[in-house]
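Worksheet: the structure to be examined is printed underneath.
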Amino acid sequence: MSEAQIKTNEAQVLPATPFIKIPEDGEPWLEGYKCEECGSIFIGARDVCSKCFARDSMTPIKLANTGKLYAYSIVHRSFPGIEVPYISAIVDLDGGGTVKGNLIGIEPNPKKLEYDMPIKVVFKDALGRKDREGNSYLSYFFQPLD
Amino acid sequence: MSEDIYVVGVDMIKFGRFPEQSVPQIASKAALGALDDCGLGIQDMQALYCGNLYQASAMVGQRLLQEIGQTGIPVVNVANACATGATAFREAWTSVKAGLYDLVLAVGVEQMGKGLLGGGAQKTGIPKEGLLGSGTMPAVFAEAGVEHARKYGTTFEQFAKVSVKNHHHSTMNPKAMYQIETPLETVMNAEMISWPNTKLMCSVNVDGSAAAVLATGTKVRQLGLMSRAVKVRASALTSDAWQERDLVMPDVNTCTRAAAATAYEMAGLGPEDIDLVELHDCFATAEILHYENLGLCKDGEAGKLIDEGQVALGGRIPVNVSGGLLSKGHPLGATGIANIYEVSTHLRGEAGARQVENARIGLTHVIGLGSACGIHILEKEAA
């Protein structure tokens, strides 16, 4: 597809992963699924609880946009074209749900990172990455809560 | 009570890079080696269990028989991530244990190429690697190590010492990919891949194969092979039971602890009875976790275990005297059976410079991320 063609198409902003929900107005959020039987929270849509095996007990919920840093790695070598270094972070969201993502807004240095440091979830363009149709994507990132 | 099952023949090739060979050709060398080890032929085998990951849809087991003997026996091709070889071995064990056969062959083989594993490409949308964190294996296992550091204060240096130890061990293993000493500063100053794993703390992608012939006790005695036979005291396989973060952060601990509990119970043994361990050191961070997961020490004492040299050759419980995945190399589908080869070789007293003295009982462990854990306990009875 030529650049001219891309411009004539109405490019959309799409979620980088299906559990990012983008409303017509207002702030995006991360969607979890909560089991009404046992209370477990999963990331992304599902029908059956893999903890308690309950069926038809899954309810979509808005996950919190704050949480705490649980674990991380600082990635210095990735696939070609992926900018390094970056922090691959695992964050426990307040109220439940664990999500992996890039931690930004802080030096990628283990000395700067503290376990359980407060984190906020922010939504931004997906590092300029576009698909073959020229669509932009909205992604989530973690930032230290200041 | 079903019969005891034995390994009567076992072999692995020297791990390396063999781009000019086909996967079945690589497999054939270990298969023939295992048959030669017990003086049997492919015509004596009643079934074949073949582990391979990257050609999981390409009938590797049948193609292996097309190389070494098309006898028409049942062939089962097995894929279970990095637990593939152990799963093939276990399926072979299950079949003889069930009484279906009394002499079967298990083979594991992989042709790897170089480069990072994990964080695969996508068909639609945009790549997620480096956007939603990392799915590369060095990062995933780094995060598991950081979780241990969070709990117990484990240090970068302690993780690095695992690599120093395993590289040292492999200098005594002619079948390892590398025979190179890597002092602590070399390991710590190597290229950082995913903190805290440097390049020398990541397993080596190599091509390789390993194979084992399994037999019932009756068959072993009938063939007069008991003098070198190694008894399979336990075989355990688990998947990932639900854990709070497991779907985001693969949990290699819970499935290992469950498999270890099953294996120790089946064998009627405890960790204190084990003379050597070959465990899944796909990354240096992972080995530390498994000291505790396998009960080699109490929770929180893994750092101390490596600091005090208890897990080195000559220590209380030597771990990965083969050089481990870090230095012997990690051909995914072959690794589980290569571990069986290593432990059997020690139990037979044939391990040369790296021989664990008076080894009588050994344990093998692998993790396939996603997850599968395979554990086997092997014993050589006094002749």
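Side chains included, hydrogens not; waters and symmetry mates left out as well; all remaining heavy atoms used. A note on names: the letters A, B, ... follow the listed sequences, proteins ahead of strands, and every chain is numbered from 1. Note that the structure is a prediction, hence the values are computed from the model and not measured.
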Report task. Carefully, step by step, assess B:Val146 and A:Tyr70 under the rule side chain to side chain contact (heavy atoms under 4.5 Å, CB included). Result -> CA-CA 9 Å; B:Val146 166; A:Tyr70 180 71; over 6 Å; no
Chain B contact via [X] - which portion, at a heavy-atom distance below 4.5 Å:
{"X": "A:Leu113", "value": "neither"}
{"X": "A:Ser139", "value": "side chain"}
{"X": "A:Phe141", "value": "side chain"}
{"X": "A:Asp116", "value": "both"}
{"X": "A:Phe142", "value": "neither"}
{"X": "A:Val84", "value": "neither"}

Report task. Please test B:Trp242 against A:Cys49 for side chain to side chain contact (heavy atoms under 4.5 Å, CB included), starting from the C-alpha separation and ending with a verdict. Result -> CA-CA 10 Å; B:Trp242 187 90; A:Cys49 178; 5.9 Å; no
What part of [X] is in contact with chain A, defined as an atom under 4.5 angstrom from a non-hydrogen atom: side chain, backbone, both or neither?
{"X": "B:Glu191", "value": "side chain"}
{"X": "B:Ile193", "value": "both"}
{"X": "B:Ala149", "value": "both"}

Query - Residue selection (most heavy-atom pairs with chain A, distance under 4.5 Å) from B:Met192, B:Glu143, B:Glu147, B:Arg150 - result: B:Arg150
**Report entry** Option that, when pairs with chain B are counted at under 4.5 Å, heavy atom only, ranks first among A:Gly44, A:Ser40, A:Ser73
**Finding:** A:Ser73
Report summary line: Heaviest contributor of heavy-atom pairs below 4.5 Å to chain B, chosen from A:Gly97, A:Ser88, A:Ala89, A:Ser78, is A:Ser88
Report task. Could you grab the distance from atom NE2 of A:His76 to atom OG1 of B:Thr198, nearest 0.5 Å is fine? Result -> 11.0 Å
Report task. Measure the CD1-OG1 distance between A:Ile82 and B:Thr136 for me, rounded to the nearest 0.5 Å. Result -> 10.0 Å
Requested in this report: Starting from the C-alpha separation in whole Å, work towards a yes-or-no answer on side chain to side chain contact (heavy atoms under 4.5 Å, CB included) for B:Val140 and A:Lys100.
Outcome: CA-CA 11 Å; B:Val140 167; A:Lys100 183 188 267 204; 3.9 Å; yes
Looking only at heavy atoms, what is the nearest atom pair of [X] and [Y], with distance?
{"X": "B:Gly130", "Y": "A:Asn102", "result": "O-ND2, 2.6 Å"}
{"X": "A:Tyr86", "Y": "B:Ser134", "result": "OH-CB, 3.3 Å"}
{"X": "A:Lys130", "Y": "B:Ile126", "result": "C-CG2, 3.5 Å"}
{"X": "B:Ala139", "Y": "A:Val75", "result": "CB-CG2, 3.9 Å"}
{"X": "B:Arg245", "Y": "A:Thr98", "result": "CG-OG1, 3.5 Å"}

[X] atom [atom1], neighbour heavy-atom count above 12 within 6.0 Å:
{"X": "A:Glu27", "atom1": "CD", "value": "no"}
{"X": "A:Lys21", "atom1": "NZ", "value": "yes"}
{"X": "B:Glu308", "atom1": "CD", "value": "yes"}
{"X": "A:Glu107", "atom1": "CD", "value": "yes"}

Query raised in the report: Parallel, tilted or perpendicular for A:Tyr72 and B:Trp195, by the 30°/60° rule?
Result: parallel
